[in-house]
Asker: 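Sharing a structure here in structure tokens format.
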Amino acid sequence: MTPTIPGFEHLRLPGVDGVELAAAVGGHGSPVVLLHGFPQTHLMWRHVAARLAADHTVICPDLRGYGAGDKPAADGPGVYAKRTMAADVVALAAALGHDRFALVGHDRGALVAFRAGLDHPETVTHLGILDVVPTLDMWDVLHGVSAAVAFHLYLMAQPPGLPEAMIAGSADAFFGSFLDAWSTGPDALPPEVRAAYLEASRAAVPSIVADYRASATIDIEHDRADLDAGTRLTMPVTVLQQDWGAQLGYDASAVWRAWAPDLDHRLTEAGHFMAEEAPEEVTAAIRDLLTRRRDRHESYQP
């Protein structure tokens with residue numbers, strides 16, 4: 001049996017362009033949307049979501065192309081653009097009656113959350129980012145042999161055909177390698193959870209590759225256009241990440257502050273799967289974020 005988030009209702013909800021997404025929804029109170037990363041599903045939030053549900057409505061969708069939601073064919077560059085995926089999230093929340101919400105994303109979900117914050121500043125009240133830098137900056141900070149840590153970005157950036165075939169030919173080994181390498185220990189990903197991630201990823205190779213390919217093409221265009229136009233994140237932003245700046249030779253806080261003037265940048269000793277390895281720390285960071293005022297006239301209300 002596939003693991004679930006205990007006490008949460010599991011729904012299918014509309015995104016955009018006829019796409020339906022699967023989501024786990026629980027709790028009561030002001031809404032918080034949590035977006036998962038790679039190679040995971042909404043299940044990665046099981047510990048954090050249960051804690052936040054004590055006083056928030058918590059919405060944990062599977063991104064388009066992942067998990068139990070729809071996986072449309074990538075018949076154009078915009079299908080898996082983060083702009084489209086962000087619009088999915090806004091539509092899904094609206095279907096639940098929420099026209100404003102706090103948004104937290106991890107990994108791929110953090111890139112979607114970042115785009116949602118730029119495109120929908122009146123909808124996203126607070127923004128939390130776990131363990132990424134923006135797409136445009138991501139490519140800029142990878143240099144020489146240090147870029148080997150992100151080999152999958154380059155593989156899935158290739159034209160359609162070869163990446164999909166290579167990954168599908170050894171899907172469990174491919175996706176499992178990240179679950180193993182990015183985890184600090186076996187306790188974070190119990191066998192049944194690891195198996196659920198592998199099963200979901202195995203069934204979504206074309207759409208996962210399309211999501212990554214968009215980050216080497218159309219997502220860069222959107223980020224660069226916003227950077228050039230001076231568009232910035234206007235809501236309070238918290239970034240929690242490993243010390244990638246020290247490992248790859250850049251100032252991670254400065255990278256984020258260029259996009260987010262109201263920034264709380266934190267480093268963690270947890271691994272990449274921090275929501276599963278250190279749920280107390282992640283929950284505390286989210287709760288701290290939600291206490292911050294967007295400006296001196298406005299505080300977060302349900």
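What you see is a predicted model, and the numbers here were worked out from it, not measured in a lab.
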Asker: Cut-off 3.5 Å, side chains only: do Q241 and H265 have a donor facing an acceptor?
Answerer: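 Yes, because at least one side-chain N or O of Q241 sits under 3.5 Å from a partner of the opposite role on H265.
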Asker: Can you check whether L153 reaches S215 side chain to side chain, under 4.5 Å on heavy atoms?
Answerer: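 No - every pair of side-chain heavy atoms lies 4.5 Å or more apart.
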Asker: Sequence neighbours left out, what passes side chain to side chain donor-acceptor pair (under 3.5 Å) with T84? Give chain and number order.
Answerer: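 None.
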Asker: Quick one: closest heavy-atom pair of G37 and M44, and the distance?
Answerer: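 Smallest interatomic distance, heavy atoms only, reads N-SD, 3.5 Å.
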Asker: Should Q40 and H106 count as side-chain neighbours, where that means a heavy-atom distance under 4.5 Å?
Answerer: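 A side-chain contact exists here, since the closest heavy-atom pair is under 4.5 Å.
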Asker: Run the numbers on D55 and R287 for salt bridge (Lys or Arg N to Asp or Glu O under 4.0 Å), then give the verdict.
Answerer: CA-CA 10 Å; D55 46 14; R287 290 194 181 281; 2.9 Å; yes
Asker: Indicate yes or no: does R83 engage E221 in a salt bridge with an N to O separation below 4.0 Å.
Answerer: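 No.
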Asker: With a 3.5 Å cut-off and no angle check, do the side chains of D211 and Y66 form a donor-acceptor pair?
Answerer: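 Yes, because at least one side-chain N or O of D211 sits under 3.5 Å from a partner of the opposite role on Y66.
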Asker: Applying salt bridge (Lys or Arg N to Asp or Glu O under 4.0 Å), run through D226 and R232 and close with a yes or a no.
Answerer: CA-CA 8 Å; D226 277 331; R232 299 296 184 267; over 6 Å; no
Asker: Test side-chain contact (heavy atoms from CB on, under 4.5 Å) on F114 and V124; report intermediate values, then the result.
Answerer: CA-CA 10 Å; F114 171 74; V124 178; over 6 Å; no
Asker: Other residues, nucleotides and ligands only: do more than 12 of their heavy atoms fall within 6.0 Å of NE2 on H28?
Answerer: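 No, the 6.0 Å shell around NE2 holds no more than 12 heavy atoms from other groups.
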Asker: Verify the neighbour count for atom CD of E199: are there more than 12 heavy atoms of other residues, nucleotides or ligands below 6.0 Å?
Answerer: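 12 or below, so no.
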Asker: With no hydrogens and no angle check, just 3.5 Å: does a side-chain donor-acceptor pair link T135 and R115?
Answerer: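 R115 and T135 do not have a side-chain donor-acceptor pair below 3.5 Å.
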Asker: Measuring only between side-chain heavy atoms, which start at C-beta, is E276 closer than 4.5 Å to R46?
Answerer: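 A side-chain contact exists here, since the closest heavy-atom pair is under 4.5 Å.
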